[in-house]
Amino acid sequence: EVELVESGGGLVQAGGSLNLSCFASGFTFDDYGIGWFRQAPGKEREGVSCISEKFASTYYLESVKGRFTISRHSARNMVFLQMHDLKPEDTAVYSCVLDSSWCQLEGNTWDPYLEAWGQGTLVAVSS
């Protein structure tokens, strides 16, 4: 059974940092892209970042470039999202996702084929 478990969310002041973790199980880790989606209150979900071992590629939403860094540790089946210089508009539930299209892009936008979602972890940034 595929399982994605996030941790690391919390409340932080603007300009602060948080590190999210996702532990994955139930599938061959390096056969998939792993990424993060977020959903803010009253807004649609948006793809934040993705990392693919197969194509050695990463994707970042334009608004988080230079502030967020995604990485993966294959031996531990984990993916990390380091978030710096957080802004109130980063407030959302962040979910780890399994992408069988290896973080493919449609133009400049991540166009995933999502196989699984985690439960999510709340990131709240106060101004």
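Positions are given from 1 along the sequence. Since we're looking at a predicted model, the values are computed, not measured.
Among pairs with a residue in residues 8-29, those fulfilling ring-ring contact (aromatic ring centres under 6.0 Å, His included) read Phe27-Tyr32, at least two apart in sequence or across chains. Within the structure, ring-ring contact (aromatic ring centres under 6.0 Å, His included) contacts touching residues 78-98 (residues at least two apart or in different chains) do not occur. For residues 47-77, the pairs satisfying disulfide bond (SG atoms under 2.5 Å apart) are Cys50-Cys103, with sequence neighbours left out.
For Phe55, the CZ atom counts as densely surrounded, since its 6.0 Å shell holds more than 12 non-hydrogen atoms of other residues, nucleotides or ligands.
Hydrophobic clustering, with ILVMFWY side chains joined whenever heavy atoms are under 4.5 angstrom apart, groups Ile51 together with Val2. Under the 4.5 Å side-chain heavy-atom criterion for ILVMFWY residues, no single connected hydrophobic cluster contains both Val48 and Tyr113.
Between atom CG of residue Leu114 and atom CG of residue Leu98 there is a gap of 8.0 Å, rounded to the nearest 0.5 Å. Summarising the geometry, atom CE belonging to Met78 is positioned 11.5 Å from atom CG belonging to Leu4; distances are rounded to the nearest 0.5 Å. Interatomic distance, Cys96 SG to Leu20 CG, rounded to the nearest 0.5 Å: 9.5 Å. Rounding to the nearest 0.5 angstrom, the gap separating the CZ atom in Arg38 from the CG atom in Leu122 is 12.5 Å. Rounding to the nearest 0.5 angstrom, the gap separating the CG atom in Leu61 from the CG atom in Asn108 is 11.5 Å. One distance of note links CD of Gln39 with CD of Glu46; it measures 9.5 Å at 0.5 Å rounding.
No donor-acceptor pair closer than 3.5 Å links the side chain of Gln82 to the backbone N or O of Phe68. Within the 3.5 Å criterion, the main-chain N or O of Tyr59 finds a donor-acceptor partner in the side chain of Ser49. Of the possible polar contacts, none joining the Glu6 side chain to the Thr121 backbone as a donor-acceptor pair under 3.5 Å is found. Between the Trp102 side chain and the Asp31 main chain, a donor and an acceptor come within less than 3.5 Å of each other.
Side-chain contact check for Val123 versus Met83: some heavy-atom pair is nearer than 4.5 Å. Under the 4.5 Å side-chain criterion, counting only non-hydrogen atoms from C-beta, Glu53 is in contact with Ser74. The shortest side-chain heavy-atom distance between Thr69 and Leu81 does not fall under the 4.5 Å cut-off.
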| field | side-chain contact (heavy atoms from CB on, under 4.5 Å) between Leu86 and Leu18, intermediate numbers included | value | CA-CA 8 Å; Leu86 284 161; Leu18 283 173; 4.1 Å; yes
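Neither side chain, Ser126 nor Gln13, offers a donor N or O lying under 3.5 Å from an acceptor on the other.
Salt bridge present: Arg72 and Asp30 bring a charged side-chain N and a carboxylate O closer than 4.0 Å.
Residues that satisfy the salt bridge (Lys or Arg N to Asp or Glu O under 4.0 Å) test with Arg45, not counting sequence neighbours, are absent from this structure. The side chain to side chain donor-acceptor pair (under 3.5 Å) check on Glu62 picks up Lys65, with sequence neighbours excluded. Taking Trp110 as the reference, Asp99 meet the side chain to side chain donor-acceptor pair (under 3.5 Å) condition, with sequence neighbours excluded.
The two residues Ser95 and Gly120 have their closest heavy-atom pair at OG-CA, 3.6 Å. Considering all non-hydrogen atoms of both residues, Pro112 and Ser101 come closest at CA-OG, 3.5 Å. Here the shortest heavy-atom pairing between Thr58 and Ile70 reads CG2-CG2, 3.9 Å.
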